[in-house]
Amino acid sequence: MSSTRRTAVVAGVLFLVTEVAAIAGLALYRPVLHDAGYVIGPGADSRVFLGALCEFVLALAVTGTGAVLYPVLRKRNEGAAVGYVCGRLLEAAVIVIGIIGVLSVVTLRRQAEGAAGADDASLVTAGRALVAFHDWTFLFGPNFVLGANTLVLAALMYTARLVPRFIAVLGLVGGAMICASATAVLFGIYEQVSVAGSLAALPVFAWEVTLAVRLLRKGFDEDADEDADKDADKDADEGARIGVGVG
């Protein structure tokens with residue numbers, strides 16, 4: 001197995017991990033995100049901790065996709081490749097910040113249990129503020145930043161013909177739609193977790209799953225790999241000639 005094929009397999013696995021971890025994390029967070037009285041109730045802390053673990057795995061997988069794909073993308077457009085890596089790092093960082101917000105709700109609930117004369121109304125307000133903080137990170141990380149990253153990667157895949165054009169086009173559509181949806185949520189047109197929001201997220205979900213399956217089954221387009229290697233050799237030869245001429 002060539003190094004490029006191994007890269008494709010690892011990237012495909014990581015993209016699938018991001019989808020599974022994201023869905024699992026959101027489902028496990030449900031009690032703390034949708035129960036305003038979580039901080040004054042019995043809680044479901046173990047479930048929330050498991051959800052936080054899933055989101056941490058998500059952040060690691062997001063970072064991994066950028067790092068793994070960089071050598072392949074750099075041959076096509078180094079600037080865009082660096083931008084994609086930085087974008088994935090930013091996305092992962094925002095996800096981790098959101099995890100801290102959710103875990104802070106659990107800490108608040110546990111401290112309130114042993115506190116005498118705790119004001120329930122104040123605790124609920126504080127809990128809601130922390131949940132709102134998580135919701136904003138969810139909007140900007142796995143929506144705005146994800147959309148931008150998807151557009152960059154899909155554009156590179158399209159121009160370099162690394163995958164069939166229809167897959168790249170699906171990414172371009174998905175990236176644009178998730179950014180548009182995030183903008184609509186930002187201005188209060190509809191709720192983030194809603195039918196409209198879910199429908200807008202379907203294309204980017206389909207893009208990542210389709211891309212992952214393609215990378216796992218067939219890898220990158222072989223002709224594109226050969227062209228990139230020829231371009232890299234040509235650039236190296238030109239650089240050597242320039243160096244000789246200067247010397």
Side-chain angles (χ1 to χ4, degrees), residues 12-36 38 44 47-48 50-62 65 87-88 90-99 101-103 105 127-155 157 163 166-215:
V13 171
L14 288 174
F15 273 114
L16 290 180
V17 169
T18 62
E19 297 301 328
V20 173
I23 294 171
L26 189 61
L28 290 167
Y29 276 166
R30 187 172 182 82
V32 68
L33 295 181
H34 298 282
D35 182 5
Y38 185 90
R47 178 173 172 174
V48 175
L50 187 57
L53 182 60
C54 288
E55 286 227 307
F56 185 66
V57 171
L58 168 63
L60 293 177
V62 164
T65 55
R88 293 301 258 180
L90 175 60
E91 184 181 343
V94 176
I95 290 171
V96 171
I97 292 171
I99 294 172
V102 171
L103 293 180
V105 178
R128 284 181 173 177
L130 291 169
V131 169
F133 179 80
H134 167 271
D135 290 345
W136 283 115
T137 62
F138 187 74
L139 178 66
F140 279 88
N143 283 266
F144 275 121
V145 184
L146 170 62
N149 289 335
T150 299
L151 289 172
V152 171
L153 181 58
M157 295 282 187
V163 295
F166 82 91
I167 297 179
V169 169
L170 181 59
L172 292 171
V173 172
M177 285 190 65
I178 199 70
C179 285
S181 177
T183 302
V185 173
L186 181 65
F187 287 96
I189 297 176
Y190 53 76
E191 294 293 325
Q192 189 169 4
V193 181
S194 62
V195 174
S198 298
L199 290 175
L202 281 178
V204 77
F205 172 79
W207 141 260
E208 292 197 344
V209 172
T210 305
L211 177 61
V213 172
R214 163 70 191 199
L215 294 178

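These numbers were taken from a predicted model, which means no experiment stands behind them.
A pairwise comparison of heavy atoms in A168 and V163 identifies N-CG2, 4.3 Å as the closest pair. Closest heavy-atom contact between L28 and C54: CD1-SG, 3.9 Å. In plain terms, the two heavy atoms of N143 and A182 that are nearest each other are CB-CB, 3.8 Å. Of all non-hydrogen atoms in A59 and A92, the two that sit nearest each other are O-CB, 3.5 Å. The heavy-atom pair separating Y190 from A200 by the smallest distance is OH-CB, 4.4 Å. Between L151 and L172 the shortest heavy-atom distance is CD2-O, 3.4 Å.
Here the CD1-NE2 distance, from I95 to H134, works out to 9.5 Å after rounding to the nearest 0.5 Å. In this structure, CH2 in W207 is found 5.5 Å from CE in M157, a value given to the nearest 0.5 Å. Atom CG in L170 sits 11.5 Å away from atom CZ in F205 (nearest 0.5 Å). Note: E91 CD to L58 CG = 7.0 Å, rounded to the nearest 0.5 Å. To the nearest 0.5 angstrom, L50 atom CG is 9.5 Å from R47 atom CZ. Between L202 atom CG and I178 atom CD1 the span is 9.5 Å, to the nearest 0.5 Å.
Side-chain atoms of Y38 and V131, non-hydrogen and from C-beta on, never get closer than 4.5 Å to each other. Proximity of L211 to L153: side-chain heavy atoms (C-beta onward) are separated by under 4.5 Å at one or more points. Looking at heavy atoms from C-beta onward, F144 lies in side-chain contact with T183 at the 4.5 angstrom threshold.
Of the possible polar contacts, none joining the Y29 side chain to the I99 backbone as a donor-acceptor pair under 3.5 Å is found. Side-chain atoms of T150 come within 3.5 Å of backbone atoms of L146 as a donor-acceptor pair (strictly under, hydrogens ignored).
Looking at D135 and Q192, their side chains never bring a donor and an acceptor atom within 3.5 Å of each other.
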For this session: Before giving the answer on side chain to side chain contact (heavy atoms under 4.5 Å, CB included), spell out for V32 and L130 the whole-Å C-alpha distance, their side-chain angles and the decisive distance to 0.1 Å.
Result: CA-CA 10 Å; V32 68; L130 291 169; over 6 Å; no
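By the 30° and 60° cut-offs, the orientation of the rings of W136 relative to F140 is tilted.
Looking at residues two or more places apart in sequence or on another chain, you find a side-chain contact (heavy atoms from CB on, under 4.5 Å) between E191 and S194.
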